**Student:** 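This is the structure I want to talk about, given as structure tokens.
All of these numbers come straight from a predicted model, not from anything done at the bench.
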Amino acid sequence: MIDFYTVILRKSADYWVSLCLENGLVGQGNTPEQSIDKLKQAIESFSEVYESESDVYLSPLSINELHEFLTLEDAEASDTYELRKVYA
């Protein structure tokens, strides 16, 4: 697996969502740090399954999926985004 992941954080109305560009996994929490912690847990779980199962595939996020994540309609959401390098 890789050393770090590229993560986009998006502020929603009531929570933060972190999206990993390398694999499309997400985490959600009340703060950016909580959402990243949840994402790290998802990456760990996925890595275990990926290494033990032969029919699980890994694919980077498509541009269309990224666009959808960044432009979700949410009347109360701000346009707050953050890009981070996350080690997991």
Side-chain angles (χ1 to χ4, degrees):
M1 299 307 276
I2 56 182
D3 286 343
F4 68 89
Y5 296 89
T6 310
V7 175
I8 295 183
L9 292 148
R10 180 177 190 267
K11 176 78 169 105
S12 183
D14 299 320
Y15 52 87
W16 284 84
V17 178
S18 55
L19 171 68
C20 181
L21 298 183
E22 284 81 9
N23 55 31
L25 297 174
V26 296
Q28 177 180 315
N30 293 326
T31 66
E33 290 71 26
Q34 285 180 349
S35 72
I36 288 174
D37 286 344
K38 293 289 186 181
L39 177 61
K40 286 180 178 181
Q41 291 172 13
I43 289 170
E44 280 183 28
S45 295
F46 179 81
S47 295
E48 290 173 13
V49 172
Y50 181 73
E51 291 173 8
S52 65
E53 301 289 329
S54 62
D55 61 345
V56 176
Y57 299 97
L58 181 64
S59 171
L61 199 69
S62 74
I63 294 298
N64 287 340
E65 291 167 318
L66 176 59
H67 184 266
E68 182 179 329
F69 176 77
L70 294 175
T71 59
L72 284 174
E73 296 286 331
D74 190 339
E76 296 181 36
S78 67
D79 288 331
T80 302
Y81 304 101
E82 188 176 325
L83 183 65
R84 289 197 190 179
K85 179 193 263 188
V86 172
Y87 292 88

**Student:** For L83, which residues count as a side-chain contact (heavy atoms from CB on, under 4.5 Å) partner, sequence neighbours excluded?
**Tutor:**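 Here the qualifying residues are T6, I8.
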
**Student:** Looking at CG of D37 and NZ of K40, how far apart are the two atoms once the value is rounded to the nearest 0.5 Å?
**Tutor:** 6.0 Å

**Student:** Quick one: pull up CH2 in W16 and NZ in K11 and give me the separation to the nearest 0.5 Å.
**Tutor:**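 Answer rounded to 0.5 Å: 6.5 Å.
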
**Student:** Taking only residues two or more places apart in sequence or in another chain, which ones pass side-chain contact (heavy atoms from CB on, under 4.5 Å) with Y87?
**Tutor:** F4, K85

**Student:** Take S47 and E44 through the side chain to side chain donor-acceptor pair (under 3.5 Å) test and state the conclusion after the steps.
**Tutor:** CA-CA 5 Å; S47 295; E44 280 183 28; over 6 Å; no

**Student:** Could you tell me whether the side chain of Y5 and the main chain of E22 form a donor-acceptor pair under 3.5 Å?
**Tutor:**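 Flag not set: sc Y5 to bb E22 has no pair under 3.5 Å.
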
**Student:** Do the non-hydrogen side-chain atoms of F69 and V17 ever get within less than 4.5 Å of each other?
**Tutor:** yes

**Student:** Enter the distance from D14:CG to Q28:CD here, rounded to the nearest 0.5 Å.
**Tutor:**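 One finds 9.5 Å between CG of D14 and CD of Q28.
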
**Student:** What pairs with S18 under side-chain contact (heavy atoms from CB on, under 4.5 Å), at least two apart in sequence or on another chain?
**Tutor:** V7, L9, S35, I36, L39

**Student:** Can you get from V56 to I43 by hopping between Ile, Leu, Val, Met, Phe, Trp and Tyr side chains that sit under 4.5 Å apart?
**Tutor:**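 V56 and I43: one cluster.
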
**Student:** Could you tell me whether the side chain of L25 reaches within less than 4.5 Å of the side chain of F46, counting heavy atoms only?
**Tutor:**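 Contact flag for F46/L25 side chains = yes.
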
**Student:** Under the side-chain hydrogen bond (donor to acceptor under 3.5 Å, both in side chains) rule, collect the residues that match up with Q34, sequence neighbours excluded.
**Tutor:** none

**Student:** Among all residues two or more places apart in sequence or in another chain, which pass the side-chain hydrogen bond (donor to acceptor under 3.5 Å, both in side chains) test with S59?
**Tutor:** none

**Student:** Please round to the nearest 0.5 Å and tell me the distance separating atom CG of L19 and atom CZ of R10.
**Tutor:** 10.5 Å

**Student:** Does the side chain of L58 reach to within under 4.5 Å of the side chain of Y50, using non-hydrogen atoms?
**Tutor:** yes

**Student:** Among side-chain atoms of S45 and E48, is any donor-acceptor pair under 3.5 angstrom?
**Tutor:** no

**Student:** Which residues pass the salt bridge (charged side-chain N to carboxylate O under 4.0 Å, His left out) test with E82, not counting sequence neighbours?
**Tutor:** R84

**Student:** Does atom CD (E33) have a neighbourhood of more than 12 heavy atoms from anything else shown, all under 6.0 Å?
**Tutor:** yes

